[in-house]
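What follows is a set of notes on a single structure, which appears directly below.
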Amino acid sequence: MNDPVAELRSALDAAATALRGSGSETDADPGMRLERPKRSGQGDFATNAAMLLAPVLGMPPREIASRLGERLAAQLPVELSHFEVAGPGFLNLVMSDEWHRVGLRRLLEAGDSFGSGGARSPERILLEFVSANPTGPIVAASGRHAAYGDSLGRILEHHGHTVAREYYVNDSGSQVLRLGESVRARALGQDPPEDGYQGGYVADIAKRVEGAADESVDVRELADRAVAAMVDGIKATMSRYGVQYDRYFSERSLHEGSPSTVDRAIADVREAEHIYEHDDALWLRTTTFGDDKDRVLVRRGGEPTYFASDLAYMESKRERGFERQILVLGADHHGYVARLKAAFQALGGDPDMLEPLIMQLVHLVENAERTKMSKRRGDFVTLDELLDEIGVDATRYFMLQSSHERTLDLNLDLARSQSSENPVYYIQYAHARIASMLARVGEERVALAVADGCDWSSPAGELHSAERELIRKLLSLPEEIAEAAERRAPHRIAVFALELAQEFTAFYTNCKVVGAEPATLESFRVALCLATRTQLALVLRLLGVSAPDAM
RNA sequence: GCCCCCGUAGCUCAGUUGGAUAGAGCGGCGGACUUCUAAUCCGUAGGUCGCAGGUUCGAAUCCUGCCGGGGGUACCA
């Protein structure tokens, strides 16, 4: 492991354990924290350990904090500059310049793998997201799912997991047929059926798809062609958006073959005796696993439900060796969670390994009004249109900056007129500035600055507070990655990226880099710039946002 | 009715497995371009953390109730 902050935390744990003695409670207190105080003057790090130990030891918290500090000082004579006991019993730690310099050295050694591989038990994860029906173009709101799923995948991978991304294509069923009917109608110059798709894009497909107006071509066949055309469009949009899937998984493929995946899944749950017949339909007894009511798998008449496909798709994922299944669902699907969990268990799965994540809605606000989006009516803003307006980077950042469990209002007027005010440009600007500076000093000078033999790790003079703060920010990446991965929270990285850019800009404003005297100081600052650039590029990559060298 | 999410600065949002005086961006106001990129920086104003109780050394964070907004509650997909 290459994580100076984690090492500090271990030292603190050791000190706390020693203080507590062997006779008392077994494990370290999980509530013990190594925090970064918000206010200056409260140390570089702070811990509440003493307050948690107080009831155990039966001593005043401040007294414990003082003893804890002394132990830590003995353990870390070089790293720890000094400590203070404050408030109700906080222990504030001030780290030495040496600790910061060593930290920078280790950042450079790790490069863009810093903060990677922290997962306690690496998993094979199948991450399914978007999966919007191929009966229309990708709408703007799906851009949130796409950005979230893609970024989450990148973060999970950096954290040490293996991730496969899939887009589930609903290419069978009545919706698809309805699309075929609508295309046929448009091709013949008629209005689509009332329950069909009214959007203008249907006419475009009708022009592009072969045989649309040819009544000898079956509507079902026409529907397939239309879906294929839609999927091509979806792939193009996703590609433009920087979202790569490992596979577009066809729902229909679940029904093909003999026995089909659907057949096998049903056989499995039948064998486990979770199935019964009622009213000529085949039901899955999901109530066994906490669902409100049982669910139909095969309708009266033999037609399998969409739920049967879901069951089979889960089966397929398990057969392919993914122990964890994450699926990003829209808020309008939260009613499915119970039955999906139940189905997963009926197949013999551990319910904790099926992880439906509910994404709250995106409202597009225009003229101070929320626009309603309906694919049927064709009344929507597409993701492509949004990308035309405000660009990939700004869109992705906007979609990622807030928690997925929070409704997002996307103000189109604002997005259009003030896209340059998007924080993403501030972050990219910091990256571009560094690139420009490093180019100015030249590759050889940079190489010299980071060379092992270079002695900037012990120059005369104290570090500037901006240097110290920037280094600590850089060193906090591993825990940010862990937090973002474990909480499925890419927005944490979006916030971190902005904070890192701010720390860098403060350093830039206060500390001259090129031409700093003595040369060892210039080397140190060049090295710090390089480490910052590497990490900015890394977090931008995790967000799926570009890291330009010039702006 | 029942279930899920949300309510934090004018706007958009962080912070919520309890910690010190609640933060950022944008917008407002006042300043700074002989400078390594001004897409920047500095200063300043702006808050009953929806409301009311409770738990405790300590609550934006946990519990209960209420108010407000959004979504769901199909042999549709």
Side-chain angles (χ1 to χ4, degrees), chain A residues 30-31 33 35 37-39 41-42 46-48 51-52 54-55 61 86-90 92 131-133 135 170 172-178 195 251 278-283 292-293 295-301 303-310 330-338 358-361 363 365 370 375 398 401-411 414-415 418 420-430 432-441 487 489 491-492 494-496 498-499 502 505-506 508-516 522 525-526 529 550-551:
Chain A
R33 287 278 180 56
E35 314 181 313
K38 293 172 205 123
R39 302 181 59 80
Q42 296 180 343
T47 178
N48 61 350
M51 286 178 283
L52 295 169
F90 288 100
N92 297 337
S131 300
N133 283 349
T135 51
N170 298 124
S172 71
S174 59
Q175 298 292 333
V176 171
L177 195 58
R178 210 164 283 161
D195 61 351
E251 179 191 359
H278 176 67
D279 285 347
D280 299 325
L282 190 64
W283 296 69
D292 299 340
K293 49 177 285 196
R295 308 289 171 174
V296 172
L297 284 173
V298 182
R299 280 183 277 251
R300 189 177 347 184
E303 185 78 6
T305 60
Y306 182 88
F307 183 54
S309 298
D310 283 340
D332 55 344
H333 280 67
H334 102 261
Y336 292 134
V337 170
I358 300 301
M359 171 83 71
Q360 292 302 316
L361 302 181
H363 290 117
V365 178
R370 282 179 171 179
K375 246 184 232 184
F398 193 95
Q401 69 181 351
S402 64
S403 162
H404 68 97
E405 53 194 17
R406 184 181 175 116
T407 306
L408 187 70
D409 276 336
L410 174 47
N411 187 322
L414 207 64
Q418 302 183 339
S420 67
E421 311 287 1
N422 189 310
V424 74
Y425 297 108
Y426 181 93
I427 301 165
Q428 292 180 315
Y429 186 66
R433 258 184 171 170
I434 300 173
S436 166
M437 258 195 296
L438 294 181
R440 176 179 290 257
V441 299
R487 287 175 49 181
H491 76 277
R492 298 288 302 233
V495 171
F496 175 80
L498 180 60
E499 290 171 350
Q502 283 169 335
T505 305
Y508 176 87
T509 305
N510 285 293
C511 302
K512 183 177 182 173
V513 177
V514 180
E522 186 187 63
R525 288 178 174 171
V526 167
C529 285
M551 288 177 76

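Sequence lines set the chain letters: A, B, ... in the order given, protein chains first and strands last, and positions in each chain run from 1. Computed from a predicted structure; not experimentally measured.
Nucleic acid contact class of L408(A) (heavy atoms, under 4.0 Å, all strands): sugar-phosphate only. The residue A338(A) sits apart from the nucleic acid: no heavy atom pair falls under 4.0 Å. When heavy atoms are screened at a 4.0 angstrom cut-off, V513(A) is found touching base atoms of the nucleic acid. Using a 4.0 Å heavy-atom cutoff across all strands shown, D279(A) reaches at least one base atom of the nucleic acid. As judged by a 4.0 angstrom heavy-atom cut-off over every strand, A516(A) is placed among residues making no nucleic acid contact. Residue contacts for A54(A): at a heavy-atom cut-off of 4.0 Å it reaches no nucleic acid atom on any strand shown. Residue E405(A) is classed as a sugar-phosphate contact, given heavy-atom separations below 4.0 Å to backbone atoms only. Within 4.0 Å of S172(A), counting heavy atoms only, lie sugar-phosphate atoms of the nucleic acid but no base atom. As judged by a 4.0 angstrom heavy-atom cut-off over every strand, Y508(A) is placed among the base-contacting residues. Nucleic acid contact for R492(A): sugar-phosphate only, since backbone atoms but no base atoms lie under 4.0 Å from a heavy atom of the residue. Within 4.0 Å of A86(A), counting heavy atoms only, lies at least one base atom of the nucleic acid. Residue contacts shown for Y426(A) are limited to sugar-phosphate atoms, with no base heavy atom under 4.0 Å away. Using a 4.0 Å heavy-atom criterion, one finds that A281(A) contacts the bases of the nucleic acid, with or without backbone contacts as well. At the heavy-atom level, H333(A) lies under 4.0 Å from base atoms of the strands shown.
Here rG72(B) presents its C1' atom at 14 Å from NZ of K293(A), a figure rounded to the nearest Å. Between N422(A) atom CG and rG27(B) atom C1' the separation is 15 Å, expressed in whole Å. What separates NE2 of H404(A) from C1' of rC6(B) is a distance of 13 Å, to the nearest Å.
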**Request:** Can you run through RNA chain B from 5' to 3' and write each base as (, ), [, ], | or . depending on how it pairs? Watson-Crick or G-U wobble, both distances under 3.5 Å.
**Result:** (((((((..((((.....[...)))).(((((.......))))).....(((((..]....))))))))))))....

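A distance of 8.0 Å separates CD in E405(A) from CZ in R487(A), rounded to the nearest 0.5 Å.
For rU16(B), the OP1/OP2 oxygens have a side-chain nitrogen or oxygen of R487(A) closer than 4.0 Å. In terms of phosphate contacts, H278(A) brings no side-chain nitrogen or oxygen within less than 4.0 Å of OP1 or OP2 of rC75(B).
Here the separation of rC57(B) from rG1(B), taken at their P atoms, is 39 Å to the nearest Å. Here, rC49(B) and rA14(B) have their C1' atoms 13 Å apart, quoted to the whole Å. Atom P of rA59(B) sits at a distance of 27 Å from the matching atom of rA45(B), rounded to the whole Å. For rU8(B) and rG68(B), the C1' atoms lie 15 Å apart once the distance is rounded to whole Å.
Put simply, the side chain of H334(A) and the base of rG71(B) share a donor and an acceptor less than 3.5 Å apart. For N92(A) against rA20(B), a side-chain-to-base donor-acceptor contact under 3.5 Å is present.
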**Request:** Give the intermediate values and the outcome of side-chain contact (heavy atoms from CB on, under 4.5 Å) for residues R178(A) and T135(A).
**Result:** CA-CA 9 Å; R178(A) 210 164 283 161; T135(A) 51; over 6 Å; no

